[in-house]
Amino acid sequence: MPSAPALPLSEVVEFFGWRAAAACSGLPPQVVFSKRENEARPALMACERCPVVRRCEEAVAPAESFFDGVSAGRLWRNGRPVVLKNARRRARGAA
């Protein structure tokens, strides 16, 4: 039996909403809403390939909502972006 053709991203977003298209949609809430970098790493990695990063940041509005967790590729605590330790190590190693 042939498989159904994949729907274009725009149709998925229109039908199910942007959250259904988010790369983190299958991750446990404790990962997405973690305040700790190590625990949030799977969500941060999902953001790197996420097709709806902008919509995520617009909807969550981390700075205005004092958000804790991962949104739009960043870890937030009380609405402020957290400087990631692992990101600094990679940046120093690349220089």
- Query: Looking only at heavy atoms, what is the nearest atom pair of Val70 and Cys47, with distance?
  - Reply: CG1-SG, 3.7 Å
Would you tabulate the side-chain donor-acceptor contacts of residues 27-34 under 3.5 Å, counting partners in other chains and residues two or more places apart, or write 'none'?
residue: Ser34; atom: OG; partner: Arg36; partner atom: N; Å: 3.0
residue: Ser34; atom: OG; partner: Arg36; partner atom: O; Å: 3.2
residue: Ser34; atom: OG; partner: Glu39; partner atom: OE1; Å: 3.0

- Nearest atoms (heavy-atom pairs only) where Ser71 meets Cys56: OG-SG, 3.4 Å
- Honestly, is Arg80 close enough over Trp76, meaning NZ or CZ under 6.0 Å from the six-membered ring centre and within 45° of the axis? no
- Non-hydrogen atoms of Leu44 and Gly73 that approach each other most closely: CD2-O, 3.8 Å
- When you check the gap from the basic side-chain N to the acidic O, do Arg41 and Glu37 get nearer than 4.0 Å? yes
- Item | Student check: side-chain heavy atoms of Pro62 and Glu57 closer than 4.5 Å | yes
- Message: As an exercise, state the distance from CZ of Arg49 to SG of Cys24, rounded to the nearest 0.5 Å.
- Response: 9.5 Å
- Do you know the tightest heavy-atom contact between Ser25 and Ala20? OG-O, 4.0 Å
- Task: If a pair satisfies salt bridge (charged side-chain N to carboxylate O under 4.0 Å, His left out) and one of its residues is in residues 26-35, list it, with sequence neighbours excluded.
- Result: Lys35-Asp68
- Taking all non-hydrogen atoms of both residues, which atom of Ala23 and which atom of Ala46 are closest, and how far apart? CB-O, 3.3 Å
